[in-house]
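The structure appears right after this line, and notes come after that.
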Amino acid sequence: MSNYDTKTIEPKWQSAWQEAGTFVANRDEAKPKYYVLEMFPYPSGRIHIGHVRNYTMGDVIARYKLATGHNVLHPMGFDAFGMPAENAAMASGGHPKTWTYDNIDTMVDQMKPLGFGLDWSRMFATCDPEYYGQQQSMFIDFMEKGLVYRKNAVVNWDPVDMTVLANEQVIDGKGWRSGAEVERRELTQWFFKISDFSEELLDAIDGLDDWPAKVKLMQQNWIGKSRGLEFSFERVDNGETIPVYTTRPDTLMGASFVGISPDHPLAKELAEKSPAVASFISAVTKGGTTEEALEKAEKLGYYTGIEVRHPLHPDWHLPVWIANFILMDYGTGAIFGCPAHDQRDLDFCRKYELPVIETFQSLTDPIMVDDVAFVPPKTEKVTWINHFAGLTVATGEEAIDATIAFAEEQGWGKGVTNYRLRDWGLSRQRYWGCPIPVVHCEDCGVVPEKKENLPIALPDDVSFDQPGNPLDRHPTWRDCACPACGKPAKRETDTMDTFVDSSWYFARFTAPRAETPTNMDDAKYWMNVDQYIGGIEHAILHLLYSRFFARAMHICGHLPESAIEPFDALFTQGMVTHAIYKTDGADGRPVYHYPEDVELRDGTGFLSDGTEVEIIPSAKMSKSKNNVVDPVAIIDQYGADTARWFVLSDSPPERDVEWTAAGAEAAFKHLSRVHRISADIAEGKDTGSDDNALRKALHKTIHDVTMGVESFGFNAAIAKLYAFTNVLAKSKASHAARREAVLTLAQLMAPMTPHLSEEVWSMQGGEGLIANAPWPKADESLLVEDTVTLPIQVNGKRRSEITVAKDLDKAEVEKLALADEAVIKALAGGQPKKLIVVPGRIVNVVI
RNA sequence: GCGGGCGUGAUGGAAUGGUAGACAUAUCGGACUUAAAAUCCGUGGGCCGUAUGGCCGUGUGGGUUCGAGUCCCACCGCCCGCACCA
């Protein structure tokens, strides 16, 4: 008899690991190091089943690497600054700090029972002054190296909450909390000079061999390199110039207007003189900067009355318009419009009745630009009306190159590379973030704080009863002495974007208590992160910012050059989803039912009163849809190992997995079965003498599971473990062979189900902890069968099979195949055209 | 609009170009039990057949190959990312 009592077993082994210090990482030059990291959580208050999946994957890698002789670093911390804490404070009257640290305590309490092999001694939260003080210190280093600067920038401003809003916080042009119409405001903000690294960040993507292609592509597109021509139009009235940038210089002959951004200096200059221009600009700049707002916005233009000369035909005069769709911070903030070959320009010209001039034509179909612009791919050959040789047949690429070369030769323009990537605005008008460590002095200007005064800690005595940043209205915190001249001065009250906090935590984990941001010896030893695991939602910003930060930290001497690409391998895991159970309520609105209130019969769900419910499968978990699975409840019901096993078992790790009650139940049954088999074997009886078959199956399993774990094929590895458990359960073998089999099975399962594995290990009298036991090695000689069964195909269709000795030579196999009844029948006395024998694989008879 | 991915039983999913559907779930049948639970054994793509077996089958159409779920082309459907970027 066995009793798989997880409530006893799991805490027992967790204590054993803790006492043995199994997962505490120390530098050890004698062993190869392995740094595995999962993206650290935000302390929202409860762990989510998605966290369980994420950390289980990391834990499988960590425990596997430990077993294969690596010195493993597997840390955990909290990304603890951010708005939810302030919102909670505003809603409940508490303090963001209390709320955050309480949540961290709760979440640690919820994570520990899951038995992750984490080095808890390295834990920190980004809101610890010891952490953000080091961040401030690096900020000052960045200032010295010119990696951070201040400039005016247009932001989304919520006039009620008196704060800057991120684009995601603007909904339908209104602030997400206040509901107030969002304004565009120009504020002086801090920026990291990430754009200096555009080319380098782009180039280095090629070297990220173990990153998903999708993520690399997303980063490439985000950096958005483009090549084009920059040149200037000369004003007819006063000879001043308006520089423009274009990626399609080959369409220059089709220019019919020049457009400038409402934020363009010329537009501002005109607005000062003309109330009409001013009111146009203010009308089109209302409503936020979000993509959503921009997409809905109609294309609007205002004719300035100014005309400019076409660079190649000074007698052609083009009107200058202010247009709302032109962005000030891309290119020069001014364009020329070529309506024939750009849809947006065409829409604009049709609306304002500007001329449309075709400059190239399709080689195959006649074109007639009406409401659809003719925009061939750059690689397509077209007839091109060029500015220096009349008509030419060329691809767009060739035409662009030729025009740039021509412009450079003539000296009126130059080829320019542009990037979409903007500098990273990091200022936030928020309390719960890392204070920017600078001081504003009337005499000295903006001065970095002295490092010995760090951390500039957030004051605790703040109130959230008024909108705006509490730091702004704190009576004393702002007041300080100028670090340069000593006179009374004011602290910067902006705090840093929380993405800053998460852009270097991985480096801090290598020396979390160091008196400097990092310790070079530790950083050299532990960096890079060998395997980073997290959600695809961080594919762009977090990963790009971290790549920038690693470079910036290297420049400031905080990371070795070898760590400028901090993540060697990246894995993006899927979500855990759950069905939604829905009925229509009396008022026509949907009613969502908890899974425990729904009875499933043959795939149809019913409520207790017999009402049928609609089942929406595999939906993202959401409190409002009542489909959230709480890991704490699952651990209580089945234990941590079941939760860990199930989230890995049913789907490939990169794909979403649907949590189902039946699946969790099945996982639990399987683990109970392994426990039962182990108890049975522990009784010491022989069940037969077929040891060889069992050993062969075992070593095949060792091989397959090892491959599975190495390649993130956790679901496939688990399938092999199921299959071997079936073999073991039925095996008729000696006690010694069965004991060996169950010990090894426990080892192979240990990365996924560490508690059960330790229990089985100790039941069988295994030595020490299974967590420290070396990973089993497959005996190659047992992987090869003496005989193989070869399928015989006739014209590619399987017709028969023969069992032959593994190394039987080809001629013999051919002979046997031709002697096969099915083959004889198919040949009907004739000769085969061809006979293909793939040794150990297959025979194909072609007739 | 641009870019990327995916499409296999009732379901989640397996399958270095080489026996499609491993493993699991649902279903159905059986053993044990007074009964139930638990456990164990079996069934588990479709069609025909008592059966040995046969035919069909990986979104659709074509191609490459001795052989295609896998590679290539086109189409259909779904999902994701980016986007007034000049």
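Chain letters run A, B, ... following the sequence lines, proteins first and then strands; every chain starts at 1. Computed from a predicted structure; not experimentally measured.
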query: Salt bridge or not for A:R248 and A:D342, using N-O below 4.0 Å?
result: no

Discussion item. With a 4.0 Å cut-off on N to O distance, would you call A:R738 and A:D680 a salt bridge?
Written reply: yes

Closest approach to the side chain of [X], judged atom by atom: which nucleotide of [options] is it?
{"X": "A:I335", "options": "B:A86, B:U19, B:U25", "answer": "B:A86"}
{"X": "A:F325", "options": "B:C23, B:C84, B:U39", "answer": "B:C84"}
{"X": "A:I540", "options": "B:C56, B:C82, B:U19", "answer": "B:C82"}
{"X": "A:R676", "options": "B:C85, B:U39, B:U19", "answer": "B:U39"}
{"X": "A:R798", "options": "B:U19, B:C23, B:C66", "answer": "B:U19"}
{"X": "A:I842", "options": "B:G81, B:G18, B:A86", "answer": "B:G18"}
{"X": "A:R799", "options": "B:C55, B:C23, B:G81", "answer": "B:C55"}

Per side-chain hydrogen bond (donor to acceptor under 3.5 Å, both in side chains), A:D347 is matched among A:R344, A:K351, A:Q343 by A:Q343

When the distance from [atom1] of [X] to [atom2] of [N] is rounded to whole Å, what number comes out?
{"X": "A:E821", "N": "B:U52", "atom1": "CD", "atom2": "C1'", "value": "12 Å"}
{"X": "A:I677", "N": "B:A38", "atom1": "CD1", "atom2": "C1'", "value": "15 Å"}
{"X": "A:E801", "N": "B:G18", "atom1": "CD", "atom2": "P", "value": "18 Å"}
{"X": "A:R350", "N": "B:C84", "atom1": "CZ", "atom2": "P", "value": "24 Å"}
{"X": "A:L346", "N": "B:A86", "atom1": "CG", "atom2": "P", "value": "18 Å"}
{"X": "A:H670", "N": "B:A38", "atom1": "NE2", "atom2": "P", "value": "18 Å"}

Heavy atoms only, 4.0 Å cut-off, all strands: where does [X] land among base, sugar-phosphate and nothing?
{"X": "A:V838", "value": "base"}
{"X": "A:K225", "value": "nothing"}
{"X": "A:N726", "value": "sugar-phosphate"}
{"X": "A:L835", "value": "nothing"}
{"X": "A:K669", "value": "sugar-phosphate"}

[N], OP1 or OP2 - any side-chain N/O from [X] closer than 4.0 Å?
{"X": "A:R420", "N": "B:A86", "result": "no"}
{"X": "A:R673", "N": "B:A38", "result": "no"}
{"X": "A:Y245", "N": "B:A86", "result": "no"}

Using atom [atom1] in both nucleotides, what's the gap between [N] and [M] to the nearest angstrom?
{"N": "B:G5", "M": "B:C55", "atom1": "C1'", "value": "35 Å"}
{"N": "B:A86", "M": "B:C76", "atom1": "C1'", "value": "35 Å"}
{"N": "B:G53", "M": "B:G44", "atom1": "P", "value": "14 Å"}
{"N": "B:C47", "M": "B:G63", "atom1": "P", "value": "30 Å"}
{"N": "B:U11", "M": "B:G7", "atom1": "P", "value": "15 Å"}
{"N": "B:G13", "M": "B:C28", "atom1": "C1'", "value": "22 Å"}

Looking at every heavy atom in both [X] and [Y], which two are closest together, and how far apart are they?
{"X": "A:N324", "Y": "A:P262", "value": "CA-CG, 3.9 Å"}
{"X": "A:A778", "Y": "A:L783", "value": "CB-CD1, 4.3 Å"}
{"X": "A:S731", "Y": "A:L728", "value": "OG-O, 2.9 Å"}
{"X": "A:K299", "Y": "A:Y352", "value": "O-OH, 4.1 Å"}

Using purine N1 to pyrimidine N3 plus N6-O4 or O6-N4 for Watson-Crick, or N1-O2 and O6-N3 for G-U wobble, each under 3.5 Å, what pairs with [N]?
{"N": "B:C55", "result": "B:G46"}
{"N": "B:G7", "result": "B:C76"}
{"N": "B:C2", "result": "B:G81"}
{"N": "B:C66", "result": "B:G18"}

Mind listing the side-chain donor-acceptor pairs of residues 790-799 of chain A below 3.5 Å, one per line with the distance, residues two or more places apart or on another chain?
residue: A:N795; atom: OD1; partner: A:I847; partner atom: N; Å: 2.9
residue: A:R798; atom: NH2; partner: A:E801; partner atom: OE1; Å: 2.8

With syn defined as a glycosidic angle within 90 degrees of 0 and anti as anything else, the base of B:G49 is anti

Of A:V647, A:T6, A:L671, the one forming a side chain to side chain contact (heavy atoms under 4.5 Å, CB included) with A:T642 is A:L671

Do A:K834 and B:C66 share a donor-acceptor pair, side chain to base, under 3.5 Å?
no

So side chain to side chain donor-acceptor pair (under 3.5 Å) across residues 713-725 of chain A, not counting sequence neighbours, yields A:W645-A:Y722

Comparing nearest nucleotides in RNA chain B, the 5'-proximal residue of the pair A:K825, A:T247 is A:K825

Between A:A719 and A:N844, the residue closer to the 5' end of RNA chain B by nearest nucleotide is A:A719

With sugar-phosphate taken as primed atoms, P, OP1 and OP2 and all else as base, the protein-contact string of nucleotides 2-17 of chain B at under 4.0 Å (heavy atoms; B, S, -) is -SS-------SSS-B-

